[in-house]
Participant: 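What follows is a single structure, and I will ask about it in a moment.
Note on naming: letters A, B, ... go to the chains in the order of the sequence lines (proteins, then strands), and numbering restarts at 1 for each one.
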Amino acid sequence: MADIKNMEEYERLHRQSLEDPDTFWAEQAKKYLSWDKAWDVVLRYNADEAKIEWFGGGVLNAAYNCLDRHLEKHKNKVAYYWEGDAPHETKVLTYSDLYDKVNKLAAVLKAKGIRKGDRVVIYMPMIIELPVAMLACARIGAVHTVVFVGFSAKALVNRIWDCGAKMVITVDGGYRAGRIIPLKKNVDDALKHCPSVESVIVFSRIGLKLDLDGSREIWGHEAMSDKSLPSFVPPEPMNAEDPLFILYTSASTRRPKGIVHTHGGYLLYAAMTTRVVFDLQDNETFWCTANIGWISGHTYSVYGPLVNGLTGVLFEGAPCYPDYGRYWEIVAKYKVNKFYTAPTVIRMLAKEDIRYLKEHDISSLKLLGTGGEPLEPETWQWYHRHVGREQCPVIDTYWQIETGGHIFTPLPGVAPVRPGSCSFPFFGIDPVILDDTGEEAKYPNQEGVLCIRKPWPGMARTIYGDHERFTESYFSQIPGMYFTADGATRDEDGYYWLTGRIDDVINVSGHSIATADIESALVLHEQVAEAAVVGCPHPIKGQGIYAFITLSKDVPRSDDLKKELTELVRTEIGPITTIDIIQWADVLPKTRSGKIIRHILDKIASGKANELGDTSAIIEPAVIEKLIKEHVLIEN
Amino acid sequence: MSLTDKKGYPFEVKNCRPEDYSFLEEMYDAFSPKGEFQGMPPRDKHARTKWIQSLIEIGKNFLAWQDGRVVGHVAILPDFDKANAEYLIFLIQTVRGRGIGKELTLKAIEGIRNLGLSSVWLTVDAYNFKATRLYRKIGFEFLEEYSSASERMMVLKLET
């Protein structure tokens, strides 16, 4: 039975959440979280300075809420089914097991001098020790910063520097699709440049014999089996507004953006969206396939399910290994009831032989979720028909790293869904679509930029160490509103449809990547004079990375140079920013003042040059004609 | 000509002279955030210097001065064949919303008229509402034939 039963109930509660947010959110905070001390004020908000405070004066601890309070009734309940990269490797972890591990690691952290407020960088693949490390930090009030293992050593340096991390928790290496990924080597390369890091905890995953630097490096399993350390570490009382974690958006040469989320508001929003959006019941198994290195993994693999005392799945490997049936095999093995993945995964699996799906009994599935980018109707249909057997609702969610959790979503059983639409705003979300002039859109289906008028508990509070950048990035465009930088329309019936970013961020496999970061990496090469990067349609990733590059004078163009530049970006940022296409350009289309006209490049890269219209007023037609002629098609 | 901004502080708008160059460069060095408005002003110091030099070379430039430093810059970049000019403006963050941009623009438009040009255009990030509001107030209008999800073109037709 759904938490929210019908449209009338949704509308009534949504209205209440906007008209009387104090009462609404106080009720939710009591329902979902355990507090050491109740808050003094539900919400304090200063729009001009983008100062947002939820449950000020309230005291709680996120790890306590995820673990301790479940022990009395559910200590033997499964917290995680863990599935290794190789199908035979599995582990089952109860709430009690998880609690023991978290306490033990928390004791190690304390023994290593980590205190409340210290920053700890976690660079680990999808193994049990990853959520353990996050929760151990939360338990002692340290701020964790998980860096996705697909990011390079340089990106790691950048993040360690920005947050001034005192500790790094990592592994010897990881497995992915049968291959070994030597992660400690990236950490070694990074730490040469990071004097702020006083200690490193290394967990053994692939059994490498490493010579650890005894002055600051220790093996995690050895440290955790130290009998002299306590097996219980009291959870640190945290103010609701204390930071729980920092999660960075991609950047290499530029300063990365460290998005800060809190113990109180974020945790509540994670808990409530997990429960309500997926309509989760206590006896159900939930699997969010996202890597924990991203916000989806933080919210829907760790904090949301654990606060609710639910059973989740963690999977170390890839959907294609040993074959394209792996996800369905896991669903069958653990009888997954609610499944949440990204459109890029669905596209990939939909392209493969249907037998991979048919080989497994996935009849346990009751609900299918998707998020990260809009799901185009044909992929939606495949998901609904073949995975959902036309019986499971498809929940297409929209949110961002900054929003903490879903801000638009259908709710199961509330209203019919429309393929490609993320349906309606979640509770507390007061959306508005603004036209070119910053005025509210007046007509149905009128395109504009999506903004949110009121604060909600899950929203980011600041950019670590740079509140001015936070205000500038999200609150300066329209005073008093959160600016999503996503285009959207609203139809006659109130359904919302996302149309894509309106700034220089592209969405590759559901991950937001700022094209300026890739451009900054490319121009580090001495033979590159200029680079402009845009998105292009990609059959699996949604958007691919298309780079227009002008070489320095007399540098010959070659495929080897293309490879070198692609590799450069992978080293600077990470493999997730692998360029799909490089097109050489004599010159980039610029106005006289030197502004690169990106929308011309967008259209050329997308093969839509015929939609360009007349641009002769601002640029020499010959420049564009040549670029169109040399456009490179993405290979299917 | 001495003017007063909305907070009551005096400022001046003047032609950019060769000896003002270092002050202009200082304004852009201190400018924050860099590269956020259609990639302008360039983040890289070398690229930024080249960019400023080219604006000076091919355009007509006006500066707003306050307390002995440059706080705003307008460039107009004429194309006599097409009888139009591109318009570009940057104001340092702390003086925005005080009427300085408007005065700079009025001065630039006067300059364009003096050159005998019939229209002036600009491109702007679609979501830079603060800027588009200022441009609209001055009389710029969106050019529907040229617009994309991320950029808009605006034109101001001058009476001849």
Participant: Taking side chain as everything from C-beta outward and backbone as N, CA, C, O, which of these in A/Asp466 sits under 4.5 Å from a heavy atom of chain B? Side chain, backbone, both or neither.
Facilitator: neither

Participant: Taking atom CZ of A/Arg592 and atom CH2 of B/Trp121, what is their separation to the nearest 0.5 Å?
Facilitator: 5.0 Å

Participant: What's the spacing between B/Asp79 CG and A/Thr591 OG1 if we round to 0.5 Å?
Facilitator: 12.0 Å

Participant: For B/Arg43 and A/Ala516, which heavy atoms make the closest approach, and how far apart are they?
Facilitator: NH1-CB, 3.9 Å

Participant: Are more than 12 heavy atoms, taken from residues, nucleotides or ligands other than B/Phe23, located less than 6.0 Å from that residue's CZ atom?
Facilitator: no

Participant: Kindly give the heavy-atom pair with the smallest separation between B/Glu151 and A/Ile596, and that separation in Å.
Facilitator: OE2-O, 3.7 Å

Participant: Can you tell which part of B/Ala131 gets under 4.5 Å to a heavy atom of chain A, answering side chain, backbone, both or neither?
Facilitator: neither

Participant: Is it the case that the side chain of A/Lys595 and the backbone of B/Met40 share a donor-acceptor pair, with hydrogens and angles ignored and the cut-off at 3.5 Å?
Facilitator: no

Participant: Relative to chain A, which segment of B/Pro78 carries a heavy atom at a distance below 4.5 Å: side chain, backbone, both, or neither?
Facilitator: backbone

Participant: For residues B/Gln93 and A/Glu468, report the shortest heavy-atom separation together with the two atoms involved.
Facilitator: OE1-OE2, 3.4 Å

Participant: Are there more than 12 heavy atoms of other residues, nucleotides or ligands under 6.0 Å from atom CZ of B/Arg69?
Facilitator: no

Participant: More than 12 foreign heavy atoms under 6.0 Å from CD of A/Glu526: is that the case here?
Facilitator: no

Participant: Tell me whether the count of non-hydrogen atoms from other residues, nucleotides or ligands lying under 6.0 Å of CG in B/Asp67 goes above 12.
Facilitator: no

Participant: In Å and rounded to the nearest 0.5 Å, what is the CG to CG distance from B/Asp125 to A/Asp503?
Facilitator: 8.5 Å

Participant: Within the supplied structure, the quantity of interest is the number of heavy atoms (other residues, nucleotides, ligands) at a distance under 6.0 Å from B/Phe80 CZ; does it exceed 12?
Facilitator: yes

Participant: Give a yes or no answer on whether the side chain of A/Gln477 reaches the backbone of B/Lys130 with a donor-acceptor pair at less than 3.5 Å.
Facilitator: no

Participant: Report which part of A/Ser476 has an atom under 4.5 Å of a heavy atom belonging to chain B: side chain, backbone, both, or neither.
Facilitator: both

Participant: Quick check on the interface: out of A/Ile600, A/Val449, A/Ile478, who has the most heavy-atom pairs with chain B under 4.5 Å?
Facilitator: A/Ile478

Participant: Might you point out which heavy atoms bring B/Arg96 and A/Glu472 nearest each other, and give the distance in Å?
Facilitator: NH1-OE2, 4.5 Å

Participant: With a cut-off of 6.0 Å (strictly less than), are more than 12 heavy atoms of other residues, nucleotides or ligands near NZ of B/Lys50?
Facilitator: no

Participant: Can you tell me which portion of B/Thr132 sits under 4.5 Å from chain A's heavy atoms? Options are side chain, backbone, both or neither.
Facilitator: side chain

Participant: For B/Tyr9, does the OH atom have more than 12 heavy-atom neighbours from other residues, nucleotides or ligands under 6.0 Å away?
Facilitator: no

Participant: Indicate the atoms forming the closest heavy-atom contact of A/Ser593 with B/Leu77, along with that distance.
Facilitator: CB-CD1, 3.2 Å

Participant: For A/Glu530, which atoms come within 4.5 Å of any heavy atom of chain B: side chain, backbone, both, or neither?
Facilitator: neither

Participant: Should we say atom CH2 of B/Trp51 is surrounded by more than 12 heavy atoms from elsewhere, each under 6.0 Å from it?
Facilitator: yes

